[in-house]
Peer 1: 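Below is one structure. I have some questions about it.
The model shown is predicted, which means the values in this text are computed figures rather than measured ones.
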Amino acid sequence: MSEAATADLKAPPKVSGEKPGVGHMEEFGVNFARFLMRCNAECGELAEYNMGGQQTVLMSGPDAQEAFFKTLDSKLSRAAAYQAMVPVFGEGVIFDAPPDRMKTQLKIQVDALRYQNMKAYASVIAQEVQDWVAEWGDEGEMDFLDEFIQLTLNTACHCLLGADFRYKMTDEFKSLYHDLERGLQAIAFVDPYLQQPIFEARDKARARLQELISGIIAERRANKDTVYGDALETFMSGTYADGSYLSDNEVTGLVIATMFAGHHTSSGTAAWTAVELARNPKATEEVLAEVNALYANGGELTMETLRDLPLLERFIEEVLRIHPPLVLLMRRVIEDVEYKGTLIEAGKTVAISTYGSHRNTDYFPDPEVFDLHRAKPDTLWAYIPFGGGPHKCAGNAFALMQLKSIFAALLPRYEFELVDPPQSYVDDLSAMVLKPGSPCRLRYRRRK
Ligand code: HEM
């Protein structure tokens, strides 16, 4: 924006409590979801805080959130805000690709999650859940977060890389994936290329994973007529505008990116759903009646019948309202942006908090109460667990289908009970993705 155009604009109000050198980093580190709520309560729609020198403007409320989601990438860049992901996804992949190639890669990723593939995924997930539950017996106790982390890793591998890879999934694969995950600790958002053992392990894991995936790609190219019905097939058949296919590096990057987007978001939500089912017996009875009616009518769990479970869906939506896995979404300001007479200058970061938005009492009265029949807000931009605008979650339908499939299979067979006092099940915000704190123990008993 020209100087004349910006002359009359205000600066965003600054959040109190800044400390020399570190800004608000310490308070942010204690509980960033609560810190962001304080920023909003103190300053309103726009609140500027300081993350060790990186000025960040929190945008709160439906209008500001709509502006955040709808502003073009060329002004508010997602890629620039998520550079920590580049060594994990790979060079030239998504956040490191030139805009045109990034667009094509994202489109191919979306294609892999479209309805035609979803039918195959639904039966894969149903099978995985059945195999998992087969070992449960009549009653028992387990950590549901650990269980769901494993289950959703199995389903993700199966849907992304195919049955062959899934059933041969080695400890090596799990440890590579773990090393990639560890490469995303907070320090990576300061500089992901520092000389650090965790980053060396991350880079080695990325290279080895590419070797493994290149092996499958080569095998598949030699068996051209086989249909696999998984995401890898879609990634391998996608092309750029000039007709060229994605390289093995790019295909590997898309596999990793999809896995990262979908794995912990799904496992954390599944674990919270199990806890909320155990904590809210009345709502659970209603959902159970709906699921039982589906089976009583001779229904089986398919992509279509899962759609006929609106109460179960409402239950999961309410879980996602109270415990949104991606609390903080960010963009880097590339060109000055004006919002309601305030100037947000290039070089700053803008952020929104799904957690804070879902606790806005104008739209969600008694926000900490789990209410299955809560009225939906009259705006699209207050309830945003899957984000919004052009970068809205590409796996939204997949995630809901998977969660419904899991609980429609579990609920009629087992009842759940908390092992620890209800108030001890709290959000853990120590990693990028919100999840229930450990241990997340539940007791289960076969229904009579
Ligand atoms: C409960 C589960 C999930 C939640 C709450 C969730 C949430 C989100 C959110 C908030 C965004 C937007 C990020 C931003 O604007 O910066 C996003 C993007 C994305 N999600 Fe999800 N997600 C979930 C599951 C999944 C799954 C299962 C997959 C894939 C299998 C997936 C794939 C993606 C992809 C590819 C994007 C990027 C879309 C783009 O840039 O165009 N997500 N997700």
Side-chain angles (χ1 to χ4, degrees), residues 32-34 36-41 44-47 58-71 76 78 113 261-262 264-273 275-277 279-280 283 286-287 290 306-307 309-331 339 350-404 407 427 429 432-436:
F32 66 91
R34 292 281 153 193
L36 297 173
M37 285 180 74
R38 174 173 93 75
C39 295
N40 174 223
E45 270 191 306
L46 301 182
L58 176 71
M59 303 179 77
S60 306
D63 291 356
Q65 285 156 192
E66 179 176 5
F68 173 97
F69 285 123
K70 285 189 171 170
T71 304
L76 294 187
R78 212 163 61 101
L113 297 165
H264 286 292
T265 45
S266 300
S267 59
T269 307
W272 264 127
T273 304
V275 172
E276 296 295 6
L277 285 166
R279 240 183 349 199
N280 295 281
E286 287 184 58
V287 175
E290 177 185 76
L306 282 172
R307 287 179 164 181
L309 296 171
L311 268 182
L312 176 56
E313 190 158 322
R314 289 296 291 274
F315 196 100
I316 295 165
E317 283 170 354
E318 183 66 349
V319 171
L320 284 167
R321 184 188 66 78
I322 300 185
H323 314 285
L326 297 186
V327 168
L328 180 68
L329 309 181
M330 292 184 299
R331 309 283 188 259
Y339 178 75
V350 286
I352 63 168
S353 163
T354 55
Y355 186 96
S357 181
H358 295 174
R359 283 163 173 76
N360 181 336
T361 48
D362 291 346
Y363 300 93
F364 307 103
D366 293 325
E368 300 297 341
V369 172
F370 188 98
D371 179 358
L372 178 61
H373 299 289
R374 186 176 282 284
K376 291 200 173 183
D378 56 1
T379 156
L380 278 181
W381 306 101
Y383 178 76
I384 46 171
F386 291 105
H391 293 300
K392 185 168 178 182
C393 178
N396 178 343
F398 180 99
L400 286 176
M401 177 272 286
Q402 164 150 275
L403 291 161
K404 283 163 84 177
F407 289 99
D427 290 318
L429 287 152
M432 274 180 70
V433 181
L434 176 151
K435 57 181 188 292

Peer 1: For Gln65 and Ser60, which I'm curious about, is there any donor-acceptor pair between the side chains at under 3.5 Å?
Peer 2: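 Per modelled atom types, Gln65 and Ser60 side chains form no pair under 3.5 Å.
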Peer 1: Have a look at Phe386 and tell me which of Leu326, Asn396, Thr354, Thr265 forms a side-chain contact (heavy atoms from CB on, under 4.5 Å) with it.
Peer 2: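 The passing option is Asn396.
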Peer 1: Dump the intermediate steps for side chain to side chain contact (heavy atoms under 4.5 Å, CB included) on Ile384 and His358, then the final yes or no.
Peer 2: CA-CA 8 Å; Ile384 46 171; His358 295 174; 3.9 Å; yes
Peer 1: Please tell me if the side chains of His323 and Thr269 come closer than 4.5 Å, counting only heavy atoms from C-beta onward.
Peer 2: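 Side-chain contact under 4.5 Å: no.
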Peer 1: Less than 6.0 Å separating the ring centroids of Tyr383 and Tyr363?
Peer 2: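 Here the rings of Tyr363 and Tyr383 have centres that are no less than 6.0 Å from each other.
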Peer 1: So, do Leu46 and Leu58 sit near enough that their side-chain heavy atoms are less than 4.5 Å apart?
Peer 2: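 Not in contact.
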Peer 1: I'd like to check the salt bridge (Lys or Arg N to Asp or Glu O under 4.0 Å) partners of Arg321; sequence neighbours left out, ordered by chain and number.
Peer 2: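 Applying salt bridge (Lys or Arg N to Asp or Glu O under 4.0 Å) to Arg321 gives Glu318.
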Peer 1: Here's one to test your reading of the geometry: is the NZ or CZ of Arg359 within 45 degrees of the ring axis of Tyr355 and under 6.0 Å from its centre?
Peer 2: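 Positive - Arg359 is close enough to the ring of Tyr355 and near enough to its axis.
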Peer 1: Measure the OG1-NZ distance between Thr273 and Lys404 for me, rounded to the nearest 0.5 Å.
Peer 2: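 Interatomic distance, Thr273 OG1 to Lys404 NZ, rounded to 0.5 Å: 12.5 Å.
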Peer 1: Applying salt bridge (Lys or Arg N to Asp or Glu O under 4.0 Å), can you list everything that pairs with Asp371, at least two apart in sequence or on another chain?
Peer 2: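 For Asp371, no residue satisfies salt bridge (Lys or Arg N to Asp or Glu O under 4.0 Å) once neighbours in sequence are set aside.
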Peer 1: Testing Leu312, Val287, Leu309 one by one against Phe407 for a side-chain contact (heavy atoms from CB on, under 4.5 Å), which residue passes?
Peer 2: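 With Phe407 as partner, Leu312, Val287, Leu309 yield a single side-chain contact (heavy atoms from CB on, under 4.5 Å), made by Leu312.
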Peer 1: Indicate yes or no: at least one non-hydrogen side-chain atom of Glu317 is less than 4.5 angstrom from one of Arg374.
Peer 2: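 The answer is no; the side chains never approach within 4.5 Å.
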Peer 1: At what distance, to the nearest 0.5 angstrom, does CE of Met37 lie from CG of Asn360?
Peer 2: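 Here the interatomic distance stands at 9.0 Å.
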Peer 1: For Ala33 and Val327, which heavy atoms make the closest approach, and how far apart are they?
Peer 2: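 What the structure gives for the nearest pair is CB-CG1, 4.1 Å.
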Peer 1: How far does CZ of Arg38 sit from CZ of Phe32, to the nearest 0.5 angstrom?
Peer 2: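 Output value for this atom pair is 16.0 Å.
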Peer 1: Before accepting this row, confirm whether a basic side-chain N of the pair Glu313/Arg307 lies closer than 4.0 Å to the acidic partner's carboxylate O.
Peer 2: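 Result for this pair is no, no salt bridge flagged.
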Peer 1: For Thr379 versus Pro62, what's the shortest heavy-atom pair and its separation?
Peer 2: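 Minimum heavy-atom contact is OG1-CB, 3.9 Å.
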Peer 1: Scan Met59, Arg331, Lys392 and name whichever one has a side-chain contact (heavy atoms from CB on, under 4.5 Å) with Phe69.
Peer 2: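 With Phe69 as partner, Met59, Arg331, Lys392 yield a single side-chain contact (heavy atoms from CB on, under 4.5 Å), made by Arg331.
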Peer 1: At what distance, to the nearest 0.5 angstrom, does CG of Leu429 lie from CZ of Arg34?
Peer 2: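 Output value for this atom pair is 9.0 Å.
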Peer 1: Please report the shortest heavy-atom distance between Pro436 and Ala271, naming the atom on each side.
Peer 2: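 Heavy-atom minimum between the residues: CG-CB, 3.6 Å.
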Peer 1: Test side chain to side chain contact (heavy atoms under 4.5 Å, CB included) on Leu372 and Leu311 and set out the steps.
Peer 2: CA-CA 8 Å; Leu372 178 61; Leu311 268 182; 4.0 Å; yes
Peer 1: Run the side chain to side chain contact (heavy atoms under 4.5 Å, CB included) check on Val350 and Met330 step by step: do they pass?
Peer 2: CA-CA 6 Å; Val350 286; Met330 292 184 299; over 6 Å; no
Peer 1: Could you tell me the separation between the CG atom of Leu36 and the OG atom of Ser357, rounded to the nearest 0.5 Å?
Peer 2: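 Leu36 atom CG to Ser357 atom OG measures 12.0 Å (nearest 0.5 Å).
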Peer 1: Could you go through the side chain to side chain contact (heavy atoms under 4.5 Å, CB included) check for Leu320 and Trp272 one step at a time?
Peer 2: CA-CA 9 Å; Leu320 284 167; Trp272 264 127; over 6 Å; no
Peer 1: Backbone N or O of Phe364 within a donor-acceptor pair of the Thr361 side chain at under 3.5 Å?
Peer 2: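 Not a single qualifying donor-acceptor pair exists.
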Peer 1: Do Phe315 and Glu286 come within less than 4.5 Å of each other through their side chains, counting heavy atoms only?
Peer 2: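 In short, these two side chains do not touch, never coming nearer than 4.5 Å.
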Peer 1: Find the distance between CZ (Phe68) and CG (Asp63) and round it off to the nearest 0.5 Å.
Peer 2: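 With rounding to 0.5 Å, CZ (Phe68) is 15.0 Å from CG (Asp63).
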